Amino acid sequence: MKFALLGIDEDALALARWVDASSDHELVAVCDAADRPDLASLFPGASFSHAWEELLLGSVADAVIVAAGDAELRSEQLRRLVVEGMPLVVSHPAIDSVLVYYELAALAEEFGSIGVAYPSARQHPALQQAVELVRRGEDGPLGVLQQVNFQRPLVDRQPADVSKHFARDVDALRSICGEIVRLGAAGAPRDDSAYANLGVQMSSPSGLIARWAVEPVGATAGGTITLRGSQAVAVVNMPNDGPWSLEVSTTEETSRQEFAEWNAQAAVVDQLAAGMAGETIRPDWSDALRSMELTEALQRSVARGRTVEVKLAGETEEGTFKGVMTSLGCSLIMLATGMLFVAAIVDFLLREAGVDTQAIRIALPWVVLTMFVLFLALQALKLVIQPSSDKNDPDSG
């Protein structure tokens with residue numbers, strides 16, 4: 001498969017280098033990376049261009065690796081690439097805007113575009129094995145899942161870096177817990193210093209509790225997910241350098257499994273190829289959107305110092321419709337009041353000038369009535385808004 005690189009960041013560069021070294025794939029073009037002249041020596045076989053619009057033609061590459069970048073430019077590039085149906089591997093999050101992700105998810109659904117968020121822990125065998133333990137429930141060694149804790153040690157604990165890691169990690173949590181509808185930054189000050197030692201508590205519609213916490217980097221950087229079940233405790237160890245492992249501990253014994261053979265770059269390219277072949281892949285654009293919704297909720301929780309509700313997709317659409325209708329209704333009332341006020345003044349002035357205003361006085365109530373009848377008719381549009389099904393299970397999360 002032929003790939004193009006659009007922009008540059010650490011994750012996109014790692015993927016591009018793997019593609020370029022692969023015998024099955026090829027990096028053929030690099031765009032929007034003028035500030036990195038060293039890339040020419042890294043990718044001698046690729047063409048370099050500032051005209052990223054060439055990628056829209058589909059003749060340059062089969063797929064595009066999109067790095068995080070300038071919000072305005074990257075948003076426009078992503079919109080146009082999605083509309084053209086170009087398969088994408090996108091550094092997540094590429095931009096810090098939930099509204100743009102809403103638009104991209106809608107465009108991807110409309111135009112059937114394939115997009116894979118990268119990097120993602122969903123496809124790691126250790127995490128998939130943990131998800132399988134949860135699915136088995138009482139019939140498995142873990143039993144019924146009761147609580148999930150995610151510890152994320154970070155060197156850089158500034159708000160932007162913490163938010164980026166949360167956006168990625170919360171997708172892994174959703175794959176285990178199902179949907180998340182409540183979120184709170186527990187015990188944090190209401191400023192940017194909250195992010196350095198941030199603790200987040202989340203819950204599903206069924207009441208399952210999941211926690212995510214930032215920690216200083218100790219001996220090993222990476223992350224740890226602890227799943228506490230009714231019969232055992234499972235721990236997924238996720239070091240940045242080294243094999244991941246899954247430990248399952250009961251009161252009687254502890255079993256440990258290591259997963260040495262896994263390549264994040266190969267996995268995401270395989271996912272993209274599967275999506276292009278018509279298979280369902282995760283995480284997709286809707287998963288990326290949901291992680292950004294939850295990240296925005298985290299930021300709001302820190303700013304307000306309290307737990308916030310996070311609506312499901314269908315509830316969000318219905319709530320948006322109700323909000324629009326409420327605003328429109330208020331606007332109509334104000335408009336009608338203003339029309340009556342202006343009509344009274346005009347009627348007075350015209351009668352003082354000797355003009356017959358009977359036609360205006362007869363027509364005005366009918367105009368106002370017609371406006372409100374049309375407004376009531378618009379309420380029927382809510383019948384076409386179908387709420388999304390409940391996603392409170394690992395299969396849908």
Side-chain angles (χ1 to χ4, degrees), residues 10-11 14-15 17-19 21-25 89 91-92 116-137 139-143 145 147-155 165-178 210-213 215 217-229 231-250 252-275 279-284 287 291 393-395 397:
E10 181 180 346
D11 296 308
L15 178 55
R17 295 187 72 170
W18 181 87
V19 167
S22 169
S23 59
D24 298 323
H25 308 287
V89 178
S91 284
H92 187 60
V116 185
Y118 170 79
S120 170
R122 271 184 186 257
Q123 303 307 318
H124 197 290
L127 198 65
Q128 291 186 336
Q129 184 70 21
V131 171
E132 181 59 28
L133 290 176
V134 174
R135 286 201 183 104
R136 292 172 64 183
D139 297 329
L142 185 64
L145 183 62
Q147 191 179 98
V148 181
N149 294 308
F150 197 137
Q151 290 79 42
R152 172 58 75 181
L154 293 176
V155 175
H165 279 88
F166 178 80
R168 296 174 177 181
D169 291 346
V170 78
D171 182 68
L173 283 173
R174 288 180 62 241
S175 72
I176 297 171
C177 306
R211 295 184 176 91
W212 184 86
E215 298 177 352
V217 173
T220 303
T224 304
I225 303 177
T226 304
L227 296 81
R228 300 188 179 276
Q231 300 171 185
V233 176
V235 179
V236 181
N237 295 298
M238 308 178 296
N240 288 343
D241 299 311
W244 288 24
S245 65
L246 174 64
E247 296 181 2
V248 180
S249 301
T250 66
E252 300 177 353
E253 61 178 359
T254 297
S255 62
R256 176 184 173 89
Q257 183 179 1
E258 285 196 354
F259 300 83
E261 298 299 327
W262 191 75
N263 183 298
Q265 291 81 31
V268 75
V269 171
D270 288 344
Q271 280 286 99
L272 183 69
E279 299 180 25
T280 300
I281 58 173
R282 305 288 296 274
D284 57 12
D287 292 311
S291 71
D393 61 74
D395 292 321

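None of the values given here were measured: they were computed from a predicted structure.
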Asker: Please report the shortest heavy-atom distance between G222 and P153, naming the atom on each side.
Answerer: O-CD, 3.2 Å
Asker: Donor-acceptor pair, R256 side chain versus L246 backbone, under 3.5 Å?
Answerer: no
Asker: For a quick test of reading the model, state the closest non-hydrogen atom pair linking S291 to A167 and the distance between them.
Answerer: CB-O, 3.2 Å
Asker: Identify the two heavy atoms, one from V131 and one from S175, that lie closest to each other, and give their separation to 0.1 Å.
Answerer: CG2-O, 3.6 Å
Asker: Can you tell me how far CG of D169 sits from CH2 of W212, rounded to the nearest 0.5 angstrom?
Answerer: 6.0 Å
Asker: Enter the distance from M238:CE to L127:CG here, rounded to the nearest 0.5 Å.
Answerer: 7.5 Å
Asker: Testing the 3.5 Å rule here: is there a donor-acceptor pair between the side chains of N149 and Q147?
Answerer: yes
Asker: State the CD-CD distance between Q271 and Q123, to the nearest 0.5 angstrom.
Answerer: 4.0 Å
Asker: Indicate the ring-plane relationship of H124 and W262, choosing parallel, tilted or perpendicular according to the 30° and 60° boundaries.
Answerer: tilted
Asker: Rounded to the nearest 0.5 Å, what's the gap from CG on L142 to CZ on R135? Could you check?
Answerer: 13.5 Å
Asker: Drop me the distance from R136's CZ to L145's CG, to the nearest 0.5 angstrom.
Answerer: 14.0 Å
Asker: Under the side chain to side chain contact (heavy atoms under 4.5 Å, CB included) rule, what do L227 and L133 come out as? Steps first, then yes or no, please.
Answerer: CA-CA 10 Å; L227 296 81; L133 290 176; over 6 Å; no
Asker: Over all heavy atoms of both residues, which pair between F150 and A172 is shortest? Give the atoms and the distance, please.
Answerer: CE1-CB, 4.4 Å
Asker: Just by distance, do the side chain of D171 and the backbone of R168 share a donor-acceptor pair under 3.5 Å?
Answerer: no
Asker: Do side-chain atoms of Q231 reach the backbone of G140 as a donor and acceptor pair under 3.5 angstrom?
Answerer: yes
Asker: Got a second to check how far Q128's CD is from R122's CZ, nearest 0.5 Å?
Answerer: 10.0 Å
Asker: Using every non-hydrogen atom in the two residues, find where V269 and V19 come nearest and quote the distance to one decimal.
Answerer: CG2-CG2, 4.4 Å
Asker: Side chain to side chain contact (heavy atoms under 4.5 Å, CB included), that's the test. Do D11 and H92 meet it? Break it down for me.
Answerer: CA-CA 9 Å; D11 296 308; H92 187 60; over 6 Å; no
